[in-house]
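Order of the sequence lines sets the chain letters (A, B, ...), proteins ahead of strands, with each chain counted from 1.
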Amino acid sequence: MFDLKFIRENPQDFDRALARRGEEAQSATILSMDADHRALLTEAQEAQARRNEASKLIGRAKGQGNEDEAQALMAEVSELKSKIAELEDKERTIGDALTTLLMSLPNALYDDVPEGADEDDNEEVRTWGTPRTFDFEPKEHFDLGEALGGMDFERAAKLSGSRFVILKGEVARLERALGQFMIDLHIREHGYTEVWTPALVREAALLGTGQLPKFGDDAFTTNTDHWLIPTSEVTLTNVHAGEILDEADLPIRMTAHSQCFRAEAGAAGRDTRGMIRQHQFEKVEMVSVTTPEQSDDELDRMTACAEEVLKRLELPYRLMKLCSGDVGFGARRTFDLEVWLPGQGKYREISSCSTCGDFQARRMKTRCRQRGEKQTRFVHTLNGSGLAVGRTLIAVMENYQEADGTIRVPHVLQPYMGGLQVIGTGA
RNA sequence: GGAGUCGUGGCCGAGUGGUUUAAGGCGCACGCCUGGAAAGCGUGUUGGGUGGCAACGCCCUCGAGGGUUCGAAUCCCUCCGACUCCGCCA
């Protein structure tokens, strides 16, 4: 959410920021609403001040037994009362409208975010690793998985419909091993604290991170007014909502291995085969809460933490800097990691690391303060996948497949697989 | 799910409709005192919004939101949360 003071002082910059997002200029509308709102506030507050003063005088007059004066004052306050109610009502109406409008606007992009319409305009920052050369036609993960008896989309559909999967045997174990490996790496070597959170949240949490009010169609709800989290970014970032943090405690780095749920309402027909795009999947998420000064370095650090997972798994990838048309609603700058999938012959997104600046902090009112200082300011928040577990499973299967349909187990995962070196030998 | 108790500042805690300031304590910060410290004494100490060039004001905030009233921490309603007992349960 934007700072009204910033819009007042920099209306052109604000409109330019919206233009980069393909949004219409809003500063004139917002400033006019803001001016009306503040005028009403001032008027209402003046009336309240008079009412408060007169009410105190009533108390004093009654205490002194001066009934006539008390009656006169009560008549005055009674009149003020209806005026105040009217002013407050107007003030609230326009204030709510202003907040609703502000909550629906996307974050401003950093200047260095390249212009572009969609993912085709993203910039490649670097690549790592060399795609393996196969002396056979590499298969896609769903063919490998089904042949191994480790992936069952048909029976999953029987239970839950499309975009679900049942994993079995060594493939299921591989999925579990990947999640364990990732979170262990982040807590042992990258300084993150392991956190386990609810998967069901109230509306306020999704408003805080920015999924609501605009993108409710992408998430699942329950009959108890809960929402299923689309990512544990939601819970991790909201952990400190409404708090004032000591800057000495920042950055706070949290990681969680969670189930994620997405309705995929806008993705009809895309990635319908296999595990690329599921309604339910696992993800290891990293979230950092920082001071405004720390967030730029923290994004590079977080991205490196995600890259390290792919390096340890020896999976070729490329690092992309997202263009203006592809950066998400709440982010100011985003790096995507795309892993090489030999079966598809393409790089596919496997991680997304973003800084949100104070955009989310403002929504959820997370502040920080230097010890001894009086002034508070909003923290910066960052989130990144480290990594999407299901997609990493796909990447391992496709990159480590052999001609006979077996899958070699990456070295770093073997301890998590009881020493197993190859999946599918039937042993 | 049923029955009940409760929610006050960084923390503890008083406060059942007013008598200009949410008592008091703890903690914290600063100052005085001291050779230095402790103790003691004094001052300050929620967070937001808004008016003003400023000095300096004002409004809101006692879990949240409504309501009653001239006036609400206090009375009423809804919600959230904690706790106790019962029921159920991994």
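- For the P atoms, the distance linking U21(B) with U68(B) amounts to 25 Å, nearest Å.
- Residue Glu91(A) contributes atom CD, which lies 15 Å from atom C1' of C58(B) at whole-angstrom precision.
- Across C12(B) and U19(B), the matching P atoms stand 27 Å from one another, rounded to whole Å.
- One C1' atom belongs to U16(B), the other to C62(B), and the distance between them is 15 Å to the nearest Å.
- Between Phe2(A) and Phe6(A), the ring-plane angle classifies as parallel under the 30° and 60° cut-offs.
- Look at CD on Glu88(A): it is 18 Å from P on G49(B), rounded to the nearest Å.
- At the phosphate of G47(B), neither OP1 nor OP2 sits under 4.0 Å from any side-chain N or O atom of Thr376(A).
- In terms of the side-chain hydrogen bond (donor to acceptor under 3.5 Å, both in side chains) criterion, residue partners of Ser354(A) (sequence neighbours excluded) are, by chain and number, Thr334(A).
- Checked against side-chain hydrogen bond (donor to acceptor under 3.5 Å, both in side chains), Arg92(A) has no partners two or more places apart in sequence or in another chain.
- Partner assigned to C79(B) is G63(B), using Watson-Crick or G-U wobble distances below 3.5 angstrom.
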Taking only distance into account, with no hydrogens and no angle test, what donor-acceptor pairs under 3.5 Å do side-chain atoms of residues 228-235 of chain A form with protein atoms, sequence neighbours excluded?
from	atom 1	to	atom 2	distance (Å)
Thr231(A)	OG1	Glu233(A)	N	2.9
Thr231(A)	OG1	Lys283(A)	NZ	2.7
Ser232(A)	OG	Ser258(A)	OG	3.4
Glu233(A)	OE2	Gln360(A)	NE2	2.9
Glu233(A)	OE2	Asn383(A)	ND2	3.4
Thr235(A)	OG1	Thr197(A)	OG1	2.8
Thr235(A)	OG1	Ser232(A)	O	3.2

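- Nucleotide C56(B) has G51(B) as its partner under the Watson-Crick or G-U criteria, with both atom distances under 3.5 Å.
- Among all heavy-atom pairs drawn from Asp118(A) and Cys323(A), the shortest one is O-SG, 3.2 Å.
- Every residue meeting the side chain to side chain contact (heavy atoms under 4.5 Å, CB included) condition with Asp112(A), not counting sequence neighbours, appears here in chain and number order: Tyr110(A), Lys321(A), Arg333(A).
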How would nucleotides 64-73 of chain B be written as a contact map, 5' to 3', with B for base contact, S for sugar-phosphate-only contact and - for no contact, using protein heavy atoms under 4.0 Å?
-> --S--SBS--

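- Comparing Lys5(A) and Ala54(A) against RNA chain B, the residue whose closest nucleotide sits nearer the 5' end is Ala54(A).
- Base-pair partner of G24(B): C12(B) (Watson-Crick or G-U wobble, both distances under 3.5 Å).
- Applying the Watson-Crick and G-U wobble criteria (two distances, each under 3.5 Å), A29(B) pairs with U43(B).
- Looking only at atom types and distance, the side chain of Glu298(A) has no donor-acceptor partner in the side chain of Thr290(A) under 3.5 Å away.
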Shorter than 3.5 Å, N or O on both sides, protein versus nucleotides 78-80 of chain B: list them out with atom names.
from	atom 1	to	atom 2	distance (Å)
C80(B)	O3'	Arg202(A)	NH2	2.6

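- Using a 4.0 Å heavy-atom distance criterion, Arg377(A) is classed as making no nucleic acid contact.
- One C1' atom belongs to C76(B), the other to U84(B), and the distance between them is 26 Å to the nearest Å.
- Listed by chain and number, the residues in a side-chain hydrogen bond (donor to acceptor under 3.5 Å, both in side chains) with Asp111(A) amount to none (sequence neighbours excluded).
- Between the CZ atom of Arg362(A) and the C1' atom of G48(B) there is a distance of 13 Å, given to the nearest Å.
- For the P atoms, the distance linking G2(B) with U20(B) amounts to 47 Å, nearest Å.
- Partners of Gln26(A) under the side-chain hydrogen bond (donor to acceptor under 3.5 Å, both in side chains) rule, at least two apart in sequence or in another chain, do not exist in this structure.
- Of the nucleotides present, none pairs with C88(B) by Watson-Crick or G-U wobble criteria with both distances under 3.5 Å.
- The side chain of Asn52(A) contributes an N or O atom lying less than 4.0 Å from OP1 or OP2 of C59(B).
- In this entry C70(B) has G18(B) as its Watson-Crick or G-U wobble partner, both defining distances falling under 3.5 Å.
- Distance check on atom P: G15(B) versus C85(B) gives 27 Å, rounded to whole Å.
- Taking atom C1' on both nucleotides, G27(B) is separated from G18(B) by 33 Å, rounded to a whole Å.
- Of the residues in residues 37-49 of chain A, those lying under 4.0 Å from RNA chain B by heavy-atom distance are Arg38(A), Leu41(A), Thr42(A), Gln45(A), Gln48(A), Ala49(A).
- Phe335(A) pairs by the ring-ring contact (aromatic ring centres under 6.0 Å, His included) definition with nothing, not counting sequence neighbours.
- Taking the charged nitrogens against the carboxylate oxygens, Glu308(A) and Arg312(A) do have a contact shorter than 4.0 Å, which makes a salt bridge.
- For the pair Arg367(A) and G48(B), the criterion of a side-chain N or O lying under 4.0 Å from OP1 or OP2 is met.
- Looking at residues two or more places apart in sequence or on another chain, you find a side chain to side chain contact (heavy atoms under 4.5 Å, CB included) between Glu175(A) and Leu167(A), Met275(A), Glu282(A), Val389(A), Leu393(A).
- Applying the ring-ring contact (aromatic ring centres under 6.0 Å, His included) test to pairs two or more places apart or on separate chains, those with a residue in residues 273-308 of chain A are Phe164(A)-His279(A), Phe220(A)-His279(A).
- Nucleotides A14(B) and A73(B) are separated by 12 Å at their C1' atoms, to the nearest Å.
- Ile244(A) comes within 4.0 angstrom of the backbone, heavy atoms only, and of no base.
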